[in-house]
Amino acid sequence: TFNVFRPASADDWQIRVSPSAVGAMKAERLAAHPAETGGYLYGSWDPTRRVIAIVHASSLPPGSQATETRLELGKAGGTLPERRLTRLTRGRIYLCGTWHSHPAGSAHMSGRDDRAMTAHAEKDAPDLRPTLMIIVAHDDIEAHLRLP
């Protein structure tokens, strides 16, 4: 069964994340600690039902820069599993957002996270796509959503 998150900013939406995607994010966070890490989220979304279903969380993409306090993700689609997933699903599974870790503290958005999400939302808005960011902390995972 999927893990269900309700973003505080849009609590009428459900973010459903597969156990394998949650496990991948937690494992990547532990492996990278004490540095931040992150990647991209793949799945699908249904605006009528107000559901985003995530089935894959990528590892840190090539070209990323990660330190204990900062993360700049490389380009989406840069890992072999991402390319394989989009090819095998023939476009039915697609890029839905980003995820990253907070090595210390909570899964609440930082000021930098808020600014990054605002920038992503500006790019997503013309296509009427929601902007999703999942943050993974030590004992907490939160989904953050901006709607167009």
Side-chain angles (χ1 to χ4, degrees), residues 2-47 49-86 93-148:
F2 278 58
N3 296 272
V4 177
F5 300 92
R6 292 199 178 266
S9 60
D11 64 1
D12 56 335
W13 278 71
Q14 285 187 15
I15 312 304
R16 298 178 184 170
V17 185
S18 72
S20 63
V22 169
M25 290 184 286
K26 287 180 175 180
E28 292 283 333
R29 180 194 174 278
L30 280 174
H33 196 270
E36 288 192 21
T37 192
Y40 293 97
L41 301 168
Y42 290 85
S44 62
W45 64 283
D46 182 339
R49 293 178 54 221
R50 296 180 178 159
V51 171
I52 300 175
I54 300 301
V55 297
H56 178 76
S58 81
S59 58
L60 191 66
S64 298
Q65 296 178 357
T67 69
E68 292 180 13
T69 58
R70 188 175 179 91
L71 174 68
E72 294 291 328
L73 289 178
K75 188 175 175 183
T79 67
L80 181 60
E82 287 173 280
R83 292 191 301 271
R84 184 176 293 141
L85 178 71
T86 53
I93 300 295
Y94 42 86
L95 179 63
C96 288
T98 63
W99 77 271
H100 70 277
S101 66
H102 282 177
S106 75
H108 297 309
M109 286 179 63
S110 67
R112 182 177 292 141
D113 294 335
D114 187 58
R115 288 187 297 277
M117 194 150 179
T118 298
H120 286 293
E122 288 174 4
K123 293 177 185 174
D124 291 339
D127 295 325
L128 300 177
R129 284 192 314 247
T131 303
L132 174 64
M133 177 187 287
I134 293 180
I135 300 174
V136 181
H138 175 64
D139 285 327
D140 193 20
I141 298 177
E142 288 186 9
H144 305 278
L145 186 66
R146 295 264 169 87
L147 299 172

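As the structure is a prediction and not an experimental result, all values here were calculated from the model.
- The shortest non-hydrogen separation linking S20 to V55 is OG-O, 3.8 Å.
- A distance of 8.0 Å separates CG in N3 from OG in S18, rounded to the nearest 0.5 Å.
- With rounding to the nearest 0.5 angstrom, the CZ atom of F2 is 11.5 Å from the CD atom of Q14.
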Counting only pairs under 3.5 Å, give me each side-chain donor-acceptor contact of residues 4-11, with atom names and distances, residues two or more places apart or in other chains.
from, atom 1, to, atom 2, distance (Å)
R6, NH1, D11, O, 3.3
S9, OG, L145, O, 2.5

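- Note that NE2 of H56 and CZ of R84 are 10.0 Å apart. Values are rounded to the nearest 0.5 Å.
- Every residue meeting the side chain to side chain contact (heavy atoms under 4.5 Å, CB included) condition with T37, not counting sequence neighbours, appears here in chain and number order: E28, A32, L60, W99, S101.
- In this structure, M117 CE and E122 CD are separated by 12.5 Å, a value rounded to the nearest 0.5 Å.
- I141 contributes atom CD1, which lies 11.5 Å from atom CD1 of I135 (distance to the nearest 0.5 angstrom).
- Partners of T131 under the side-chain hydrogen bond (donor to acceptor under 3.5 Å, both in side chains) rule, at least two apart in sequence or in another chain, are D124.
- A pairwise comparison of heavy atoms in M25 and V136 identifies CB-CG2, 3.8 Å as the closest pair.
- Taking each heavy atom of S106 and A137 in turn, the nearest pair found is C-CB, 3.6 Å.
- The side-chain hydrogen bond (donor to acceptor under 3.5 Å, both in side chains) check on H102 picks up H100, D113, with sequence neighbours excluded.
- The shortest heavy-atom contact between L85 and Y42 is CD2-CB, 3.6 Å.
- Nearest heavy-atom pair, W13 versus P47, reported as atom, atom and distance to 0.1 Å: CH2-CA, 3.9 Å.
- Between R115 atom CZ and H120 atom NE2 the span is 13.0 Å, to the nearest 0.5 Å.
- Taking the side chain to side chain contact (heavy atoms under 4.5 Å, CB included) definition, one finds that E142 meets it with A107, H108, D140, H144, sequence neighbours left out.
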Result block: side-chain N/O donor-acceptor pairs under 3.5 angstrom for residues 71-80, not counting sequence neighbours:
from, atom 1, to, atom 2, distance (Å)
E72, OE2, R70, NH2, 3.2
T79, OG1, E82, N, 3.4
T79, OG1, E82, OE1, 2.7

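- Inter-residue side-chain proximity for V22 and K26 is flagged as met; some heavy-atom pair is nearer than 4.5 Å.
- When the side chain to side chain contact (heavy atoms under 4.5 Å, CB included) test is applied to H138, the partners found at least two apart in sequence or on another chain are R29.
- The side-chain hydrogen bond (donor to acceptor under 3.5 Å, both in side chains) check on R50 picks up D12, with sequence neighbours excluded.
- Applying the side-chain hydrogen bond (donor to acceptor under 3.5 Å, both in side chains) criterion to D139, with sequence neighbours excluded, gives no partner residue.
- Of all the heavy atoms in S44 and C96, the pair that sits closest is N-SG, 3.6 Å.
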